[in-house]
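Taking it in order: structure first as structure tokens, then the write-up.
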Amino acid sequence: MSDTPDSAVQTVRGYIDQHRAAFLDDLVEWLRIPSVSAQPAHAPDVRRSAEWLTAKLRETGFPVAEVWETDGAPAVYAEWPSGDPDAPTVLVYGHHDVQPAAREDGWETDPFEPVVRGGRLYARGAADDKGQVFFHTLGVRAHLALTGRSAPAVNLKLLVEGEEESGSPHFRALVERHRDRLEADAVVVSDTGMWSETTPTVCTGLRGVADCEIELYGPDQDIHSGAFGGAVPNPATIAARLVAALHDENERVTIPGFYDGVEELTDSERALIAELPFDETSWLANASSYGTLGEAGYSTLERVWARPTAEVNGIGGGYQGPGGKTIVPASAQLKLSFRLVSGQDPYVIEAAVRDWVAARVPDGIRHKIAFGAPTRPCLTPLDHPALQAVVRSMSRAFDGAKIRFTREGGSGPAADLQDVLHAPVLFLGISVPSDGWHAPNEKVELDLLLKGVETAAHLWGDLAGALR
Ligand code: BES
Ligand code: MN
Ligand code: MN
């Protein structure tokens, strides 16, 4: 660690200090727009959010900033050419839609009325993902202040989608439609986090996800369980059997073929994970949980970052009201999701799940199974020089701290960008596990948000060198 930051670091910090108040005011204004993509009633707000961001990016200096339509919610695209014919091109990805939030879910203040308390900004989307998209606006301005340039050192592009929290159903088509304009030498995803406030890290991978809803139908209506029960199949029992059969005694998923092709961690990847100051008690506190349980032979971090899993997200059916009701219910429902890792194809998994369910549903029960649009897993190539540029920039922002590597267990459509654009994906995020993604009282740490600004300010120069 160096005590006296070099002059580049000081210039950037000076610029950020001057502009932080206006930056935060703007972010608060954006956070007030409840851009919940999952709820049809908020569709106009998602559009308003896209328009708000487009206008703000123009104000920031992006000569091109447009709302891009999809068959669902609109995305935002912006472009700031470097002017230098040899400059590489970088595409930043984020999303402007947010998870649903309501006061009664346990929010201490209105989720769409942002408040600053104790150096933290509380609002739905503060960390996931408006705050992390927004640090790029002040970031690029600080980059210009630092370099004295009138345009960034890279051709800077930004794609901010409006349906990420709904599984990005139209994202792949959008990227394919605009592949020429989106052309890039590297993608920077700002929708992940770091290890903690005191351990800055760069994420190097996301898992994929495939999810399904299963409906099981028994009798045409609820029937008397004494008159008929025990002699006809009960759909709720079958739902429970499916759930019970999903994992074996080692917590491995039992669906045939589920692990086929799964890329195992290398020894050096395992060593990187083991370098992190993992503490089960605080990890459990962030998980709001009271014990760990997972696949035998893997550590907790390996389980969430590098192993595929199956989760029951919801189970229902039959009578749920007060008192008893002696019936065989007419139907039961399951919502399942499968987190996927490199080497797994979501469509192969979908077929395997369909076969597995069909084979377990007895005569007399009909079933339907519907899958959402899958999200593929995505990994940064660890030996790519651009990764070192991210590490260097981040290290400057964090006073010379050693930057370690993580992955995330969550998902996002980064692999679509990687595949369609043939560009490596880098992750730059400053959110921390306690930020409460998708939870009540989501927040972002203001110090870290400004570290995001600071990292971005250094990044474009560093990447211009690394990608040439
Ligand atoms: N930003 C998250 C992904 C994420 C989660 C990154 C946790 C780091 C840690 C993203 O907005 C998200 O929530 N993705 C969903 C995708 C799903 C709706 C297809 C997820 O992971 O559940
Ligand atoms: Mn997100
Ligand atoms: Mn999210």
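Just so you know, ligand 1 is whichever comes first in the structure, and atom 1 is the first atom listed for that ligand. Quick note: numbers below take in every heavy atom, side chains included, and nothing from hydrogens, waters or symmetry partners. By convention here, the first residue in the shown sequence is residue 1. Treat the numbers as computed from the prediction; the structure is a model and nothing was measured.
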Heavy atom under 4.0 Å from ligand 1: found in [X]'s side chain, backbone, both, or neither?
| X | value |
| --- | --- |
| R339 | side chain |
| D211 | neither |
| Q99 | neither |
| D128 | side chain |

Going by the atom numbers of ligand 1, which of them fall below 4.0 Å from some non-hydrogen atom of [X]?
| X | answer |
| --- | --- |
| E164 | 10 (C), 11 (O), 12 (C), 14 (N), 16 (C), 18 (C) |
| H95 | 11 (O) |
| G410 | 5 (C), 21 (O) |
| D191 | 1 (N), 2 (C), 6 (C), 10 (C), 11 (O) |

Exercise for the section: Check whether any N, O or S atom of D128 sits under 2.8 Å from the Mn ion (ligand 3). Expected result: yes
Exercise for the section: Rounded to the nearest 0.5 Å, what's the gap from OG1 on T300 to CG on L284? Could you check? Expected result: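 Atom-to-atom, T300:OG1 and L284:CG are 7.5 Å apart.
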Exercise for the section: Any chance you could measure S434, atom OG, to R120, atom CZ, to the nearest 0.5 Å? Expected result: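 Nearest 0.5 Å value for the OG-CZ distance: 6.0 Å.
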Problem - Atom of D191 nearest the Mn ion (ligand 2) (restricted to N/O/S, atom name only) - result: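 The nearest such atom is OD1.
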Handout entry: Opening angle at the Mn ion (ligand 3) [NE2, H438; OE2, E165; to 10 degrees]
Key = 110°
Practice task
Flag the pair F23 / F134 as yes when their ring centroid distance falls below 6.0 Å, and as no otherwise.
Solution key: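 Yes, they do, as the ring centres are separated by less than 6.0 Å.
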Handout entry: 4.5 Å side-chain heavy-atom contact, Y93 and D416
Key =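 Of all side-chain heavy-atom pairs linking D416 with Y93, none is under 4.5 Å.
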Practice task
Around atom 15 (C) of ligand 1, find the nearest protein heavy atom and jot down its residue, atom name and distance.
Solution key: S411 O, 3.7 Å
Problem - For atom 8 (C) of ligand 1, the protein heavy atom that lies nearest, with its residue and separation - result: E408 CD, 3.3 Å
